[in-house]
Amino acid sequence: MASAGKSYCISFQNIQAALSTVKPFVKKTPVMTCSHLNRLANRNLFFKCENLQKTGSFKFRGACNAVSKVVASNQDGPDRELSVVTHSSGNHAQAVSLAAQVQGVTAHIVMPSNSPAVKKEAVKSYGGLIVECEPTEQSRVDTADQVAEKTGATMVHPNQSPEVMAGQGTMVFEILEQVERVDAIVVPVGGGGMLSGISVAAKELCPHAKIYAAEPKNADDCAVSMARGERTPLPAPPVTMCDALKTSIGPRTWPIIRDHVDDVITVTEEEIKVYITSVVVGAIECRCRCSCGFRCIIL
């Protein structure tokens, strides 16, 4: 658990500041309940519906905070076009594009050449300038570095930028306004940006609450890392239907996860399929990420 004197790339104060920063831009998303799912889990469940956030995911929170910091840091600088760059094939790409558009910043989005056409069109609709790359993690990173060097754009990493982590953590303030008592928070984990932000905020605001990470068994680097006591990235791209959870936790998110998360629960592909059906039957819009978290709740 969190230890006094340890230093992380974000603090609770960073998340408090992010709350004020993103408030003009993000939606306060609803918390929903479902009696059908409560019966299945034999407990009261509350779903924070970030699928109703702008661009369709929590990623918009972190993107807004990161882009706002770029704008603020250049207020007294030379009069020049501000720009950001990121690499993503989906939600983060769209989030950065819209966050940049609403703040008058140019967004360069590095996307794998095999990214779905619908996602590319969404990025374009938000004003993002797409730069295609080979469909490998190294190509994403190298291409983004090249764009940054060429344009002077500031990198907004999908999960390792402190500003992104802090932005994701802002949803805890809303949850505690919307739910009378929170005993545990289950957070899906890929790269760990959302999990890091939420765990830092929650351990300050509701220290009694347990924090659980949920991940596919086929992409269980977080569980393995916790068991070994050291960050253990996936040896190869995982095969899982949870597209958003294929990324390994990073060097900045790992120390926070290690010291703040109570446990990591893994879910098989078959269980994900079964509980997608359960959640859909329960009338809550479901993604694989949600199904993974729900299965952990009823274990």
Side-chain angles (χ1 to χ4, degrees), residues 22 25-26 50-51 53-70 83-103 105-151 153-168 188-197 219 221 233-234 237-238 240-253 287-289:
V22 305
F25 304 107
V26 304
E50 284 292 290
N51 56 312
Q53 186 57 260
K54 293 178 181 177
T55 72
S57 86
F58 69 92
K59 295 282 190 178
F60 189 63
R61 295 176 182 271
C64 279
N65 192 47
V67 172
S68 294
K69 295 301 181 186
V70 172
S83 60
V84 293
V85 61
T86 194
H87 53 82
S88 167
S89 60
N91 293 335
H92 182 68
Q94 295 172 57
V96 171
S97 297
L98 181 58
Q101 183 183 66
V102 298
Q103 298 185 67
V105 175
T106 299
H108 301 278
I109 311 297
V110 176
M111 301 186 75
S113 56
N114 62 351
S115 298
V118 65
K119 293 187 177 182
K120 291 180 181 178
E121 288 304 313
V123 168
K124 291 177 183 178
S125 73
Y126 294 133
L129 305 178
I130 296 176
V131 179
E132 291 196 356
C133 68
E134 293 300 312
T136 66
E137 184 64 25
Q138 193 58 52
S139 180
R140 290 189 190 198
V141 172
D142 291 344
T143 304
D145 287 345
Q146 292 166 10
V147 171
E149 183 175 355
K150 180 180 179 180
T151 64
T154 300
M155 180 65 189
V156 179
H157 193 279
N159 50 67
Q160 298 301 300
S161 291
E163 294 80 13
V164 169
M165 296 182 219
Q168 320 302 31
V189 59
M194 176 168 62
L195 178 59
S196 295
D221 67 291
L234 295 164
T240 174
M241 66 183 72
C242 296
D243 286 352
L245 304 181
K246 290 183 176 182
T247 307
S248 294
I249 53 177
R252 286 180 170 172
T253 51
R287 295 177 177 172
C288 292
R289 189 200 306 262

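- Interatomic distance, Thr247 OG1 to Gln160 CD, rounded to the nearest 0.5 Å: 10.0 Å.
- Using a distance-only test at 3.5 Å, with no hydrogens or angles considered, no donor-acceptor pair links the side chain of Lys246 to the main chain of Met241.
- Looking at Glu134 and Arg140, no side-chain N of the basic residue comes within less than 4.0 Å of a carboxylate O on the acidic one, giving no salt bridge.
- In this structure Ala95 satisfies the side-chain contact (heavy atoms from CB on, under 4.5 Å) test together with Thr55, Lys59, Phe60, Ala63, sequence neighbours excluded.
- Under a 3.5 Å cut-off, the side chain of Arg61 and the backbone N or O of Gly167 do not form any donor-acceptor pair.
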With side chain to side chain donor-acceptor pair (under 3.5 Å) as the criterion, how do Thr86 and His92 come out once you've worked through the C-alpha distance, each side chain's angles and the decisive distance to 0.1 Å? CA-CA 8 Å; Thr86 194; His92 182 68; 3.0 Å; yes
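- With hydrogens and angles disregarded, a donor-acceptor distance shorter than 3.5 Å links the side chain of Asn65 to the backbone of Glu163.
- Of the inter-residue distances, the one linking Gln168 atom CD with Leu195 atom CG reads 11.5 Å to the nearest 0.5 angstrom.
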Intermediate values then yes/no, side-chain contact (heavy atoms from CB on, under 4.5 Å), Ile249 and Asp221: CA-CA 7 Å; Ile249 53 177; Asp221 67 291; 3.3 Å; yes
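- Atoms OG and CG, on Ser89 and Asp243 in that order, are 7.5 Å from each other to the nearest 0.5 Å.
- Between the Ser139 side chain and the Pro135 main chain, no donor and acceptor come within less than 3.5 Å of each other.
- Across Ser88 and Gly90, no two heavy atoms sit closer than the pair OG-N, 3.1 Å.
- For Ser161 (side chain) and Val164 (main-chain N/O), no donor-acceptor pair under 3.5 Å exists by modelled atom type.
- Distance alone, capped at 3.5 Å, is enough to place a donor-acceptor pair between the Gln101 side chain and the Tyr126 backbone.
- Between the side chain of Ser115 and the main chain of Met111, no donor-acceptor pair closer than 3.5 Å is present.
- You'll find the side chain of Thr240 stays beyond 4.5 Å of the side chain of Leu245, heavy atoms only.
- Between His87 and Met155, the closest side-chain pair of non-hydrogen atoms falls below 4.5 Å.
- Between Ser97 and Val123, the shortest heavy-atom distance links the atoms OG-CG1, 3.4 Å.
- Separation of atoms NZ (Lys150) and CG (Asp145) is listed at 14.5 Å; rounding is to 0.5 Å.
- With contacts defined as side-chain heavy-atom distances shorter than 4.5 Å, the pair His157/Asn159 qualifies.
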Please assess Val96 against Ile109 for the test side-chain contact (heavy atoms from CB on, under 4.5 Å), listing each intermediate value before the final yes or no. CA-CA 8 Å; Val96 171; Ile109 311 297; 4.1 Å; yes
Given side-chain contact (heavy atoms from CB on, under 4.5 Å), test Arg252 with Met165 step by step and report yes or no. CA-CA 10 Å; Arg252 286 180 170 172; Met165 296 182 219; 3.7 Å; yes
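- Rounding to the nearest 0.5 Å places NE2 of His108 at 4.0 Å from OG1 of Thr151.
- Taking the side chain as every heavy atom from C-beta outward, Val26 and Gln53 approach each other to under 4.5 Å.
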Given side-chain contact (heavy atoms from CB on, under 4.5 Å), test Leu98 with Gln94 step by step and report yes or no. CA-CA 6 Å; Leu98 181 58; Gln94 295 172 57; over 6 Å; no
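- Judged by distance alone, the side chain of Ser248 and the main-chain N or O of Leu234 form a donor-acceptor pair under 3.5 Å.
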Test side chain to side chain donor-acceptor pair (under 3.5 Å) on Asp142 and Gln138; report intermediate values, then the result. CA-CA 6 Å; Asp142 291 344; Gln138 193 58 52; 2.9 Å; yes
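- Closest non-hydrogen pair, Ala100 versus Thr106, comes out as CB-C, 4.5 Å.
- In plain terms, the two heavy atoms of Gly192 and Val189 that are nearest each other are CA-CG2, 4.0 Å.
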